[in-house]
Amino acid sequence: MIQVYNTLTREKEVFNSITPGKINMYVCGPTVYNYIHIGNARSAIAFDVIRRYFEYRDYEVNYVSNFTDVDDKIINRARKEGVDELTIANKYANAFFEDTLPLNIKPATVRSRATEVIPEIIAFVADLIEKGYAYESEGDVYFRAKKFKGYGILAHQDLSEMEANAAGRLDDEELTRKEDPIDFAVWKASHASDEISWQSPWGAGRPGWHIECSVMAQKYLADTIDIHGGGIDLAFPHHTNEIAQSEAHTGEKFVNYWLHNGFVNVNDEKMSKSLGNFTTVHDMLVQYDDPMAIRYLLATTQYRRPINYSSDTLSQAHLALERIRTGYRNLSFRLSKASAGHDETVDSLVDKQVNVFEVAMDDDFNTPNALAAVFELVTIANTYSENELVKNDTVKYLLDSIEKLMSVFGIEDLTTNQGLTEEQSSLLEARVAARASHDFKTSDKLREELNELGVFVEDTPQGQRWHK
RNA sequence: GGUAAUAUGGCCAAGUGGUAAGGCAACGGUCUGCAAAACCGUCAUCGCCGGUUCGACUCCGGUUAUUACCUCCA
């Protein structure tokens, strides 16, 4: 039984998918006007872990996400660089894939762009007008927020408050086009001839920000989907508006479970351009040579909690991950000479921790507790590694279990012991020979040489062990 | 102002009515030719003040601090 915290009800609820064994989830993707920042990565990783856990639990997950490839930020950036909007969008959409690859984020089942669903968006908007939920005004089309019963409940915002806030913020021109300050645009008229636009029944224009997600969720998933995710800041207005549009359009409940991830702070401050701590994944990957440590930090914090990103938290993540890798590697070393059979006592200790892991993850993806179970497995592995005699099946069972659980966090390839150069191999062999003849002076010297070549040697009762 | 969230050891971070998981760091020990790795051990009374209770970090009230959202934002 999996429980998830639903932002809509502000409670943990038992998760039941609409179709048994299958999950339809939609996660808001980035606006492709720049390299993704660490916050985008956190969101992508948080939902990647959630997806992976559902898959671990044998669900078939249909994971849809978007690229917002048309909006003001892209238009502005294109202007600034003197290129067209799609050049910008393409560049950063490609960068998204390049940056998420080393972080081992699974590709979405469907990754759609706003500009790929323009006809559907126009039809959706037309339907909203027909149903009386939206109106055209000087080429813009606005959604009548108040007409939708329950508007704002996702973010638990008070309607009159929102209205007052909105009225104070909007410029007069925009206010005159709207019937009500809290109405939001589902279609925006184009105001410049060199601006990207599509023909519509309301003239040349482009989609409003929120509409693409409503359209894609319906097109690629269903009228009612199981899970919708995104950063907590999207609860209002983005998701609030999606609910209004989608439910006005279909007459059905849009989403059963709303999941929102917490923010990433950088050096204990909110990340923002003005503070100069805007951290892109692109830069991080250049500066830091262990991308899995970045993933570890982002994946092992519970998804709703804030994360502080700093060189300190990152190096702690790296060290913690090293402990797991070392334990895994050390036990792997015993595999080749393990004897047949298995040790039931150890096997059952493993089973127990796997169960702890699952219980933790079942509880709204409590990754810190799940991780504690992995560390217990590592201790079991280390202790078992020290036995004079180890059994093949148990060694494998331990290794497989650690690997399987870590892959839920998206951390794979725990050993990086591949590819020795000829030089390295012969030095290793020479060292074995030196030790056999108790020539420690030579063996220590060889150890140092190997060290400088990036091969680290350790001596064990079972012989020389090395890693890179 | 409105709506929420958070405050646990040197750091990160679980727990949430019966005397505090896990990781990092530190210290002591074991093992080792040395080293490394590992293992064992040591290291907190949970922001503050009240209340409820046989018993509270855990519930209630108050208080302080920090943070987020309130139509750019993961």
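By convention in this document, chain letters (A, B, ...) are assigned in the order of the sequence lines, proteins followed by strands, and residues within each chain are numbered from 1.
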| request: Could you tell me if the ring centre of A:His210 sits under 6.0 Å from that of A:His239? | output: no
| query | If you take atom types as modelled and just measure distance, does the side chain of A:His37 reach the base of B:A74 with a donor-acceptor pair under 3.5 Å? | reply | yes
| Contacts of A:Asn76 that satisfy side chain to side chain donor-acceptor pair (under 3.5 Å) - sequence neighbours left out | none
| request: Sequence neighbours left out, what passes ring pair (Phe, Tyr, Trp, His ring centres under 6.0 Å) with A:Tyr257? Give chain and number order. | output: A:Phe15
| remark: Given protein heavy atoms under 4.0 Å, the one-letter contact record of nucleotides 15-22 of chain B, with B base, S sugar-phosphate only and - none, is simply S-----BS
| message | Going by side chain to side chain contact (heavy atoms under 4.5 Å, CB included), name the residues that satisfy it together with A:His282, two or more places apart in sequence or in a different chain. | response | A:Tyr35, A:Asp99, A:Thr280
| Stepwise side-chain contact (heavy atoms from CB on, under 4.5 Å) check, A:Glu242 with A:His228 | CA-CA 11 Å; A:Glu242 280 186 50; A:His228 191 124; 2.7 Å; yes
| request: Return the 5'-most residue of the pair A:Ala320, A:Thr31 with respect to RNA chain B, ranking by each residue's nearest nucleotide. | output: A:Ala320
| query | Between A:Asn24 and A:Asp226, do the side chains contain an N or O donor and an N or O acceptor separated by less than 3.5 Å? | reply | no
| remark: Here the residues of residues 208-215 of chain A within 4.0 Å heavy-atom distance, strictly under, of RNA chain B are A:Trp209
| request: Under the side chain to side chain contact (heavy atoms under 4.5 Å, CB included) rule, collect the residues that match up with A:Val432, sequence neighbours excluded. | output: A:Gln464
| field | Footprint string (nucleotides 32-43 of chain B, 5' to 3'): B base within contact, S backbone only, - free, heavy atoms under 4.0 Å | value | -BBBBBSS----
Could you pull out all donor-acceptor pairs under 3.5 Å where a side-chain atom in residues 348-356 of chain A meets a protein atom, sequence neighbours excluded?
residue  : atom : partner  : partner atom : Å
A:Ser348 : OG   : A:Thr345 : O            : 2.9
A:Asp351 : OD1  : A:Tyr397 : OH           : 2.2

| task | Could I get the full list of side chain to side chain donor-acceptor pair (under 3.5 Å) partners for A:Asp312, not counting sequence neighbours? | result | none
| field | Residues touching RNA chain B, which here means a heavy atom under 4.0 Å, drawn from residues 103-115 of chain A | value | none
| Using a cut-off of 4.0 Å on non-hydrogen atoms, how would the nucleic acid contact of A:Asp312 be classed: base, sugar-phosphate, or nothing? | sugar-phosphate
| field | Set of residues satisfying ring pair (Phe, Tyr, Trp, His ring centres under 6.0 Å) with respect to A:Phe124, sequence neighbours excluded | value | A:His249
| said: Run the ring pair (Phe, Tyr, Trp, His ring centres under 6.0 Å) test against A:Phe409 and tell me which residues pass, sequence neighbours left out. | reply: A:Phe357
| task | For B:C43 and B:G28, measure between their P atoms and round to the nearest Å. | result | 16 Å
